[in-house]
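Note on naming: letters A, B, ... go to the chains in the order of the sequence lines (proteins, then strands), and numbering restarts at 1 for each one.
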Amino acid sequence: MRYEGSAVRSQTYNKTFIDKIWNFFSSVKVGIGIIIVILVAAAIGTIFPQEMYIPPNVDPTTYYKQEYGTPGQIFYLLGFHNLYGSWWFLLLLAALGISLIIVSIDRGVPLYRALKHQRVTRHESFMKRQRLFAVSDHGISFEQVKKVLLGKRYKIKEDNGNILAEKNRFSRWGPYVNHTGLIIFLIGAMLRFFPGMYTDQTLWIREGETAAIPGTKTDEGQYYAKNHKFVMELYNKKDKQFSNALNQVNNEVPKNYQSNVTLYHADPSHVVGEAPQLKKVKDAKIKVNEPLAFGDYALYQVDFKLNEFHRMNLKLEKKSTGKSFGEIKINLFNPKSEYNLGNGYKVKMIEYFPNFKLDEDGQPATENSVPDNPAFVFKMFTPETPKGETAFIGIRKNVEAGKNKYKMTFSGLETKNVSALTVKKDRTLPIIIVGGIIFMLGVVQGLYWNHRRIWIQQKNGQLWIAAHTNKNWFGLKKEMQAISQESGLVMPVDQSDEKSA
Amino acid sequence: MAELSSNLLYIAFIIYLIATAVFAMSLSDKKGNEKAAYTRKWGRIGYGLSILGFISQLGYFVTRWIASGHAPVSNLFEFTTFFGMMMVFAFILLYGIYRTNALGVFAMPIALLVIAYGSMFPRDIAPLIPALQSDWLKIHVTTAALGEGILSISFVAGFIYLIRMVDQTVSSKKTKMIEIIMYLLLCVLGFVLVSAISSAAGYETKFDWTDKKDQKTELTYNVPALVGPPNGTQADNHFGPLLNAPSWMNGEEAPKKFNTFIWSLLTGGVLYGIIRLILRKRIAAAIQPKLKNLKPDLVDEISYRSVAIGFPVFTLGALIFAMIWAQQAWTRFWGWDPKEVWALITFLFYAAYLHFRLSRGWHGEKSAWLCVIGFVIIMFNLVAVNLVISGLHSYA
Ligand code: HEM
């Protein structure tokens, strides 16, 4: 019935290797199998966190065993920690795509042929095979029947006094439309791996700083962003509306994360080393859920760091009197090697550790160049100590080489907030959106409408009636009841009821 | 406003309860014509009550929205009660098409259980964290819940089909499975009873213990401790733990959840036992005669129809709208976070169901069992993924 006698390729050929592959992928059993394997694998992948969600500084080879014991180790060894990017998962998705393409061609073409050339007059055995079927001896007025059928929005074809009434044929294309949507979606998802289609980079940018936005450089130039201010707002625990809920939790509840930025564009510079000429594009407030879109790109608020050390002030003091001989201001990102305080007083910076730690040998070193824990080795020169006195100064650390007369004391700290902005370009999005829309149209088309056909034929002085739908027999029966009431046509019997009763 | 809101929810709850009883009554043992009229009359009353209850709950939803300033679908309580409301809505829709009272007998109490379950979580009106401040949040969550509500009706109809059709004269794997479903539903009731009674009594017992991050913290149980945290000590002299949770169970609040879970299973067992003692037969065997007038084909059709209607709605809400929102909030439309993966699993499962049914002719019993599994997946996503496998979706 489904393809109305039209030949389906997979049922016709089964000789060559290609035929075998074709038949394999066009089988709905295989298709369901692929869906279920993907489903089960995806489910197993959620038992423990994926690699991308474990803390960034841990080693996955030991993490899963440590955290989750033997099951965790098995999870890791079988590769489920990185399931969704693994070659075999991608292969499963590819198999799904291939299956969808093949099944659509295999069945779509014959279905098209069959629906295009429908005969009005059908053979007796065809009529008898239909689930809704009746034979009646009463003659009725065809005109009345046609009127009722037209009223129910059936399309009517006539041949030799026989009628084929049909409606919602388009719904038969639902599966093909939705599968096409899925294929487009899958193709879109795969295109991400082609160069130029996709960018995903993160930029940490301090207040007051202007930085080139990574990944936005093209032949036309590059985008820059200046971060004016990072704003974090918290809900007020006294806020009447929410106070009950807010006081249940110990932590502050954030209300807003926002970076106030200006976007610039610079044309490609012609002279190497020349500073780029920034042209302002626009000012923007980037919030979570409100990215800044420009060109092919979007800039998102994704993270932040509050109160990063920016400048540190220290005073040169004489220990015995506590008298100060001036203050030095150290830009922690760009310290000077010498600070002259005048009158023969100066401080030389011998060494700088932005993020101080002791290395394996117990030697001072720095973790990275972010000044989270700055430490310095100073040499202080005064008229009284012209050879200089050396001191190691860090936060709550002060080590002197020998006995010093002078010391450096903290006198101030300036901090800045840092915003993390992610820049994204995803040229696959339009394809994925189109795929998604087509899929939705296809499922609605196939599932919310049904292809219904009614055959009314005159055979040997009797009236034969048969009706068919591709799904929702209840709805068809209800409609047939209404039609028979209004037109006097006999109500066909549900032959499957008779069998089961 | 907040008070009016919770009163409306309470009223809706009571009306649903009455509607359930009315639907149950409508399945009478009367014979012939009298029966048809009787069934129709009580069915109509039950249906009217369901709609009334739904309107009341809608009132809860609207007033809470006004009180909080955002769509009330942003924590576990709000989402779960909304999901229950969508189940009722889906029931109203499908009853409107098929007029089958038995559907009400099962759909209403299951929706009630869902709402009661949700009400056991903190109900305070909470503000939205930045990631949730998006119109797409409400569009996504409401549509997804509606889709899940409609899909749940396919379970209800499938379950009715199984109770109606599975041979109850002998004990079999199938009768056992049906009883297990009954038992699990009673466990939800057990959870509600234990939580509600303990909280009404203001019960609390505290433990000092060392959690996963090696931090000494205090853990407050709101129900008596059957299972204590691993290597923890009870800080008061309330009823003490009979045993300790295994040592790997050291996640945030994990032992507490485990304890509540055990309580639910036990109470469910007690309830089930009592019912069996009263009925003196399997629960399904006791219900089956009430359903003998029900056409199996019709419930089978209802079950399929719910999937046919619910699947596109679910896809739109739980996948497409979710992707649009995720693209805005988290820079990527898909990130394989557990909640997303489980939405995909639900989608794939119902896709498989449709292929089994439409292409391989799985009707009746096979199709009904599939609908049961589908509902288990939806519930898993609602309960286990939120409480056990926590992802980015910061519910509860
Ligand atoms: C995730 C993947 C898939 C989804 C979401 C999906 C979705 C659907 C839906 C919703 C229908 C019913 C539509 C209707 O009757 O209007 C359908 C029908 C169908 N699907 Fe799929 N499908 C998927 C994969 C596959 C695969 C891999 C195959 C390959 C064998 C396949 C073969 C079919 C066939 C043969 C039909 C029935 C067509 C007919 O009734 O003539 N599908 N699909």
Side-chain angles (χ1 to χ4, degrees), chain A residues 28-29 31-32 35-36 38-39 42-43 45-47 49-50 52-53 67-69 83-84 175 189 200 235 239 241-242 244-246 248 253-258 287-291 298 300-302 422 424 426 429 432 436 439-440 443-444 447-448 470-475 494 496-497 500, chain B residues 2 67-69 75 97-98 122 124-134 136-137 212 248 296-298 301-302 304-305 307-309 311-312 315-316 319-320 323 325 327-338 341-342 344-345 348-349 351-352 354-356 358-360 385 389 391:
Chain A
V28 179
K29 229 192 241 169
I32 299 176
I35 294 177
I36 290 180
I38 295 176
L39 180 162
T46 63
I47 297 177
Q50 289 290 301
M52 59 192 156
Y53 290 120
E67 287 289 303
Y68 308 105
L83 170 67
Y84 311 112
D200 176 5
Y235 284 102
D239 184 339
Q241 193 177 19
F242 301 127
N244 281 350
L246 289 173
Q248 295 285 317
V253 179
K255 183 177 187 177
N256 184 25
Y257 301 126
Q258 171 181 329
K287 298 180 185 181
V288 179
N289 268 311
E290 291 175 29
Y300 295 81
Q301 172 70 50
V302 289
T422 285
K424 271 271 177 154
D426 193 347
L429 283 181
I432 283 175
F439 175 79
M440 276 314 299
V443 276
V444 168
L447 294 175
Y448 288 8
N470 60 336
K471 32 193 168 319
N472 187 10
W473 288 89
F474 177 86
D494 187 341
S496 77
D497 274 359
S500 61
Chain B
S68 68
N75 64 26
I97 304 176
Y98 295 99
D124 297 316
I125 292 182
L128 292 182
I129 60 167
L132 300 183
Q133 294 166 13
S134 165
W136 285 105
L137 168 74
K212 192 175 194 144
W248 52 266
D297 260 11
L298 182 64
E301 168 104 15
I302 297 174
Y304 157 70
R305 210 55 202 298
V307 179
I309 300 173
F311 180 73
T315 309
L316 190 67
L319 294 174
I320 295 187
M323 287 190 210
W325 177 41
Q327 180 74 24
Q328 268 189 9
W330 293 315
T331 82
R332 81 289 179 289
F333 60 88
W334 192 260
W336 296 107
D337 119 88
V341 176
W342 278 92
L344 177 69
I345 290 169
L348 290 174
F349 181 82
L354 286 169
H355 291 89
F356 274 127
L358 298 175
S359 277
R360 305 214 45 85
V385 177
I389 312 175

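- You'll find the side chain of T315(B) stays beyond 4.5 Å of the side chain of V443(A), heavy atoms only.
- Among the candidates Y257(A), W473(A), Y448(A), the residue making the largest number of heavy-atom pairs closer than 4.5 Å to chain B is Y448(A).
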message: Does I38(A) form a side chain to side chain contact (heavy atoms under 4.5 Å, CB included) with L348(B)? I'd like the steps, not just the answer.
response: CA-CA 8 Å; I38(A) 295 176; L348(B) 290 174; 3.8 Å; yes
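- Atom CG of residue N289(A) and atom CH2 of residue W325(B) lie 7.0 Å apart, to the nearest 0.5 angstrom.
- With hydrogens and angles ignored, the 3.5 Å screen pairs a side-chain donor or acceptor of Y300(A) with a backbone N or O of Q327(B).
- When atom types are taken as modelled, the side chain of Q133(B) and the backbone of V288(A) share no donor-acceptor pair closer than 3.5 angstrom.
- Across all their heavy atoms, I35(A) and A352(B) have their closest contact at CG2-CB, 4.3 Å.
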- request: Could you give me the CA-CA distance, side-chain angles and deciding distance for V253(A) and I129(B), then say whether side chain to side chain contact (heavy atoms under 4.5 Å, CB included) is met?
  value: CA-CA 7 Å; V253(A) 179; I129(B) 60 167; 4.0 Å; yes
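- Considering all non-hydrogen atoms of both residues, Y304(B) and N472(A) come closest at CE2-N, 4.5 Å.
- Listed options N244(A), I36(A), L83(A) were ranked by heavy-atom pairs under 4.5 angstrom with chain B; first place goes to N244(A).
- Across all their heavy atoms, V28(A) and S359(B) have their closest contact at CG1-CB, 3.6 Å.
- Between the OG1 atom of T46(A) and the CH2 atom of W342(B) there is a distance of 5.5 Å, given to the nearest 0.5 Å.
- Looking at D426(A), only its side chain comes within 4.5 Å of chain B, counting heavy atoms on both sides.
- To the nearest 0.5 Å, atom OG of residue S134(B) and atom CD of residue E290(A) are 8.5 Å apart.
- When each of L319(B), L128(B), I302(B) is scored by its heavy-atom pairs under 4.5 Å with chain A, the top score falls to L128(B).
- Atom NZ of K471(A) and atom CG of L358(B) lie 5.5 Å apart (nearest 0.5 Å).
- A pairwise comparison of heavy atoms in V341(B) and A42(A) identifies CG1-O, 3.5 Å as the closest pair.
- Considering CZ of F356(B) and CD1 of I32(A), their distance stands at 4.5 Å, rounded to 0.5 Å.
- For a residue to count as touching a neighbouring chain, one of its non-hydrogen atoms must lie under 4.5 Å from one of that chain's; by this rule F311(B) touches chain A with the side chain only.
- For a residue to count as touching a neighbouring chain, one of its non-hydrogen atoms must lie under 4.5 Å from one of that chain's; by this rule A67(B) touches chain A with the backbone only.
- Heavy-atom distances place no part of K287(A) under 4.5 Å from chain B, backbone and side chain included.
- Between W336(B) and Y84(A), the ring-plane angle classifies as parallel under the 30° and 60° cut-offs.
- The nearest pair of heavy atoms linking F474(A) to I97(B) is CE2-O, 4.1 Å.
- Of the two parts of I309(B), the backbone and the side chain both hold a non-hydrogen atom closer than 4.5 Å to a non-hydrogen atom of chain A.
- In terms of non-hydrogen atom pairs under 4.5 Å with chain A, the most contact-rich of G69(B), A126(B), S68(B), P127(B) is P127(B).
- Residues E301(B) and G475(A) approach most closely at OE2-N, 4.5 Å, considering heavy atoms.
- The parts of P312(B) that come within reach of chain A are both its backbone and its side chain, each placing non-hydrogen atoms under 4.5 angstrom from that chain.
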